[in-house]
Amino acid sequence: VERTFSIVKPDAVRRDLIGTIYQRFEAAGLKVVAAKMLHLDQAKAEGFYAEHEGREFYEPLVKFMTSGPIMVQVLEGENAIAKNREIMGKTNFEEAAPGTIRADFASSVRENCVHGSDSPESASREINYFFTPDEVC
Ligand code: ATP
Ligand code: MG
């Protein structure tokens with residue numbers, strides 16, 4: 001089985017969508033094996049999105065991601081990385097398939113409710129960025 005890293009972003013927490021989104025994970029066979037609520041500071045958010053530094057959406061993205069609490073979680077299941085990307089839908093909610101989290105709940109390209117790792121390398125880097133080994137059984 002594979003593990004991936006996921007975030008319920010501040011827009012979704014504000015709109016009381018934590019439970020709804022966790023239900024989507026579990027219904028898709030993605031087991032929540034570690035989770036916590038955090039409020040990112042600027043340095044932590046900048047570090048997480050370092051790959052996008054310099055792009056026009058980077059600064060507003062960091063501002064958005066520090067605008068309120070988030071949920072971070074590790075999801076486990078068969079092909080967890082691809083499966084999670086599939087149920088999230090495309091980055092741009094207007095292009096996301098019907099029934100995906102972003103198609104159903106995102107309010108803009110930036111405020112798109114969820115993050116999910118895009119490769120085994122990012123999954124492992126992102127899990128270690130937010131969780132200590134003893135928090136992930
Ligand atoms: P994530 O990394 O959050 O899972 P993703 O891999 O689908 O999403 P990325 O290209 O890595 O998308 O962009 C990271 C995040 O930056 C997006 O989820 C979105 O919140 C924001 N973002 C990306 N492109 C844009 C854009 N053109 N305008 C505004 N925000 C954007
Ligand atoms: Mg990404």
Side-chain angles (χ1 to χ4, degrees):
V1 292
E2 189 173 68
R3 287 182 168 188
T4 191
F5 174 74
S6 161
I7 299 178
V8 177
K9 294 183 178 182
D11 57 329
V13 173
R14 263 194 291 278
R15 290 162 58 210
D16 302 322
L17 291 170
I18 297 171
T20 299
I21 292 172
Y22 272 51
Q23 215 160 35
R24 300 276 179 113
F25 296 149
E26 293 180 333
L30 295 170
K31 193 170 185 64
V32 181
V33 295
K36 58 190 168 185
M37 181 173 270
L38 297 171
H39 193 143
L40 298 184
D41 63 19
Q42 179 152 334
K44 189 84 177 175
E46 285 176 349
F48 183 70
Y49 282 117
E51 65 178 306
H52 295 309
E53 197 181 343
R55 299 178 74 173
E56 73 293 346
F57 63 80
Y58 177 72
E59 281 183 30
L61 173 63
V62 168
K63 191 165 180 230
F64 163 57
M65 290 300 291
T66 57
S67 69
I70 60 172
M71 291 296 299
V72 294
Q73 50 279 335
V74 177
L75 305 177
E76 182 180 276
E78 292 295 331
N79 300 313
I81 295 168
K83 171 64 74 179
N84 184 41
R85 300 281 292 185
E86 184 187 321
I87 66 168
M88 286 163 55
K90 288 196 178 174
T91 309
N92 182 346
F93 69 109
E94 289 176 314
E95 294 167 5
T100 60
I101 295 167
R102 284 165 168 171
D104 288 348
F105 304 117
S107 42
S108 73
V109 177
R110 176 163 41 250
E111 305 208 0
N112 60 3
C113 298
V114 281
H115 162 83
S117 309
D118 57 14
S119 69
E121 295 69 35
S122 23
S124 131
R125 176 171 46 79
E126 292 170 359
I127 290 169
N128 290 314
Y129 192 74
F130 283 104
F131 290 94
T132 58
D134 65 295
E135 290 175 320
V136 186
C137 327

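Both ligands and their constituent atoms are indexed starting at 1 by order of listing. Along the sequence shown, the residues carry numbers beginning at 1.
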**Q** Quick test: of every protein heavy atom, which one is nearest to atom 20 (O) of ligand 1, and how far off is it to 0.1 Å?
**A**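 Result for atom 20 (O) of ligand 1: R110 O, 2.8 Å.
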
**Q** May I ask you to establish whether K36 and F130 are in a cation-pi arrangement, using a distance under 6.0 Å from NZ or CZ to the six-membered ring centre and at most 45° from the ring axis?
**A**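 Verdict for F130: no cation-pi partner in K36.
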
**Q** Can you give me the closest heavy-atom contact between Q73 and A35, atom names plus distance?
**A**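 Here Q73 and A35 meet closest at CB-CB, 4.0 Å.
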
**Q** Are any side-chain N or O atoms of R102 and backbone N or O atoms of V114, one a donor and one an acceptor, separated by less than 3.5 Å?
**A** yes

**Q** May I have the list of side-chain donor-acceptor pairs in residues 79-98 shorter than 3.5 Å, sequence neighbours left out?
**A**
residue: R85; atom: NH1; partner: G116; partner atom: O; Å: 2.9
residue: N92; atom: OD1; partner: E94; partner atom: N; Å: 2.9

**Q** Taking only heavy atoms of M88 into account, list the atoms of ligand 1 that are under 4.0 Å away from them.
**A**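 Heavy-atom distances to M88 below 4.0 Å select 4 (O).
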
**Q** Please indicate whether Q42 has more than 12 foreign heavy atoms, meaning atoms of other residues, nucleotides or ligands, lying under 6.0 Å from its CD.
**A**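 No, CD of Q42 has 12 or fewer neighbouring heavy atoms, counting only those of other groups under 6.0 Å.
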
**Q** Between ligand 1 and R55, can you find any atom pair, the residue atom being a heavy atom, that is separated by under 4.0 Å?
**A** no

**Q** Is it true that atom CD of E59 has more than 12 heavy atoms of other residues, nucleotides or ligands lying nearer than 6.0 Å?
**A** no

**Q** Is R102 near ligand 1, meaning one of its heavy atoms is under 4.0 Å from it?
**A** yes

**Q** Heavy-atom contact under 4.0 Å between E111 and ligand 1?
**A**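 Under 4.0 Å: no for E111.
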
**Q** Counting only nitrogen or oxygen atoms and a 3.5 angstrom limit, does H52 reach ligand 1?
**A**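 In this structure, H52 places an N or O atom under 3.5 Å from an N or O of ligand 1.
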
**Q** Return the closest protein heavy atom for atom 5 (P) of ligand 1 as residue, atom name and distance.
**A** T91 OG1, 3.4 Å

**Q** Under 4.0 Å from a heavy atom of N112: which atoms of ligand 1 are those, numbered in the order shown and with their elements?
**A**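 Those qualifying, in numeric order: 17 (C), 18 (O), 19 (C), 20 (O).
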
**Q** Scan residues 6-31 for pairs that pass ring pair (Phe, Tyr, Trp, His ring centres under 6.0 Å), counting only residues two or more places apart or in two chains.
**A** Y22-F25

**Q** For ligand 1, which atoms, with element, lie under 4.0 Å from some heavy atom of R85?
**A** 4 (O), 5 (P), 6 (O), 7 (O)

**Q** Where on E51 is there a heavy atom closer than 4.0 Å to ligand 1, on the side chain, on the backbone, on both, or on neither?
**A** neither

**Q** Are any of the heavy atoms in L61 under 4.0 Å away from ligand 1?
**A** yes

**Q** Should the pair Y129 and F48 be assigned to parallel (<30°), tilted (30 to 60°) or perpendicular (>60°) ring geometry?
**A** tilted

**Q** Going by the closest heavy atom to atom 25 (C) of ligand 1, which one wins out of Y58, F93, F57?
**A**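 Among Y58, F93, F57, the closest heavy atom to atom 25 (C) of ligand 1 comes from F57.
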
**Q** Is there a chain of hydrophobic side chains (I, L, V, M, F, W, Y, each step under 4.5 Å between heavy atoms) that links V62 to I7?
**A** yes

**Q** In terms of atom number and element, which parts of ligand 1 are under 4.0 angstrom from non-hydrogen atoms of G116?
**A**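 Contacts of ligand 1 toward G116, numbered from 1: 4 (O).
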
**Q** Among all protein non-hydrogen atoms, which one is nearest to atom 4 (O) of ligand 1, and what is the separation to 0.1 Å?
**A** H115 ND1, 2.8 Å

**Q** Return the closest protein heavy atom for atom 26 (C) of ligand 1 as residue, atom name and distance.
**A**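 Ranked first by proximity to atom 26 (C) of ligand 1 is V109 CG1, 3.6 Å.
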
**Q** Which atoms of ligand 1 sit under 4.0 Å from any heavy atom of Y49?
**A** 3 (O), 14 (C)

**Q** Side-chain donor-acceptor pair under 3.5 Å between S108 and E111, yes or no?
**A** no

